[in-house]
Amino acid sequence: MKRKNRKSWSMAYCGMVAALSVALMLLGALIPLAMFIAPAVAGFLITTVCIECGRTMAYTTYGAVSLLAVLFVPDKEVALIFVFLLGYYPLVKPRFERIRSPVLRGLCKLLLCNAAVAAMYGLILLLIPAGSIAQELRATALILSLATLAMGNVAFLLYDRALHNMLMVYRGVWQPRLHKMLGWH
C-alpha cells in the first residue's frame, strides 16, 4: 500500500477510535455499571492507535478524546477517570514493564494510580467544593474511604493484567486479520 494511503488510513483510524471512545464514555455516563469499564475500554482503543499509527498519533487521539469527553460527557467523573488515568495509562505501561523487579514495578504502577486518583478528586474538590461529590467524600468515614481505595488498587492491578492479555490477543489475532483485510501482509 502506498505511504500516502497508509497515512490517510491512520488519520481515519484515529478519528474512528476517538468517536468510538467518546461514544463509550457517553454510555458509561448513562449506565452506572459502565462508569469505569467505558474509560478502560477507551484506553485500550487508544493503545491500538499506538500500535497501528505510532505514539504521536496515539497521544493526539488521547488529547482529542479527553477534550471531547470533558466537553460532552454529562458525568464528568467518567470523563476525568479517562483524562487522569485510564486514557494514557496504556501508553505509559510499556515504560513500567521495563522495571525488572515485579514488586517495584507493581508499586510504581500503584503509585501512578493513586497519585492520578488523588489529583483528580483533589481537582474536583477544589473546583466544586459544594458539589455532590465533595459532600459524599466528606460524609464518608475514613475507614470506608481507605477500603474503597484498597479495592480500587486491586481493580487497577486486575485492569493492568487484563490490558496485557487484551494486547496479546490484539497482536496475535486481530492485528493480522486487520492487516490482511487491508492488504498489508
Side-chain angles (χ1 to χ4, degrees), residues 13-53 58-94 96-97 105-106 108-124 128 131-133 136-137 140 144-175 177-178:
Y13 185 73
C14 291
M16 289 186 307
V17 164
L20 183 57
S21 296
V22 173
L24 281 169
M25 284 190 276
L26 285 166
L27 276 174
L30 296 174
I31 304 168
L33 182 65
M35 179 179 173
F36 297 107
I37 296 169
V41 173
F44 170 73
L45 292 173
I46 299 291
T47 306
T48 67
V49 171
C50 187
I51 293 168
E52 297 298 335
C53 308
Y59 277 110
T60 303
T61 305
Y62 160 73
V65 171
S66 296
L67 180 64
L68 291 170
V70 168
L71 289 174
F72 297 117
V73 174
D75 185 349
K76 297 305 179 204
E77 196 170 7
V78 172
L80 291 176
I81 288 167
F82 178 83
V83 171
F84 276 83
L85 182 62
L86 298 179
Y88 70 86
Y89 176 73
L91 300 176
V92 299
K93 179 179 169 41
F96 286 112
E97 299 305 325
R105 182 173 49 242
C108 289
K109 289 176 181 180
L110 288 175
L111 180 64
L112 173 70
C113 173
N114 289 308
V117 169
M120 181 183 85
Y121 282 109
L123 179 67
I124 290 171
I128 316 168
S132 62
I133 294 173
E136 286 177 28
L137 290 176
T140 305
L144 185 58
S145 296
L146 292 175
T148 303
L149 185 61
M151 287 187 295
N153 283 316
V154 170
F156 180 75
L157 290 175
L158 290 171
Y159 166 70
D160 179 63
R161 188 63 195 165
L163 182 63
H164 172 79
N165 292 339
M166 288 297 294
L167 288 171
M168 297 297 288
V169 169
Y170 179 80
R171 286 190 177 114
V173 177
W174 299 336
Q175 188 179 31
R177 289 181 181 172
L178 175 66

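Residue numbers count from 1 along this sequence.
- Rounded to the nearest 0.5 Å, atoms CG (Leu80) and CG (Leu123) are 7.0 Å apart.
- Between Phe82 and Tyr62, the angle of the ring planes lies from 30° to 60°, which puts this pair in the tilted group.
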Requested in this report: Just do the side-chain contact (heavy atoms from CB on, under 4.5 Å) check on Tyr170 and Thr47 with the steps written out, would you?
Outcome: CA-CA 10 Å; Tyr170 179 80; Thr47 306; over 6 Å; no

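- Looking at every heavy atom in both residues, Lys76 comes nearest to Val70 through NZ-O, 2.5 Å.
- Cys113 pairs with exactly one of Asn153, Leu157, Asp160 by the side chain to side chain contact (heavy atoms under 4.5 Å, CB included) rule, that one being Asn153.
- In this structure, the separation between CD on Glu52 and CH2 on Trp174 is 12.5 Å, given to the nearest 0.5 Å.
- For the residue pair Ile46 and Ala58, the shortest heavy atom distance occurs at CG2-O, 3.7 Å.
- By the ring pair (Phe, Tyr, Trp, His ring centres under 6.0 Å) test, Phe84 is found to be paired with no residue, residues two or more places apart in sequence or in another chain being considered.
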Query raised in the report: Which is it for Val65 and Leu45 under the side-chain contact (heavy atoms from CB on, under 4.5 Å) test, yes or no, and what are the steps along the way?
Result: CA-CA 11 Å; Val65 171; Leu45 292 173; over 6 Å; no

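- Heavy atoms from other residues, nucleotides or ligands lying under 6.0 Å from CG of Leu158 number more than 12.
- Distance check, rounded to the nearest 0.5 Å: CD of Gln175 to CD1 of Ile51 gives 6.0 Å.
- Atom CG in Leu86 sits 8.5 Å away from atom CZ in Phe36 (nearest 0.5 Å).
- Using a 30° and 60° split on the angle between ring planes, Tyr89 and Tyr159 fall in the tilted class, from 30° to 60°.
- Within the 4.5 Å cutoff, no side-chain heavy atoms of Met120 are placed close to those of Leu85.
- A distance of 5.0 Å separates CG in Leu149 from CG in Asn114, rounded to the nearest 0.5 Å.
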Which pairs of donor and acceptor atoms, one on a side chain in residues 13-30, lie under 3.5 Å apart (sequence neighbours left out)?
from: Tyr13; atom 1: OH; to: Thr48; atom 2: OG1; distance (Å): 2.8
from: Ser21; atom 1: OG; to: Val17; atom 2: O; distance (Å): 2.8

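- How far CD of Glu97 is from NZ of Lys109: 3.5 Å, rounded to the nearest 0.5 Å.
- Contact annotation: the side chain of Phe96 approaches that of Leu112 to within less than 4.5 Å [non-hydrogen atoms, C-beta and beyond].
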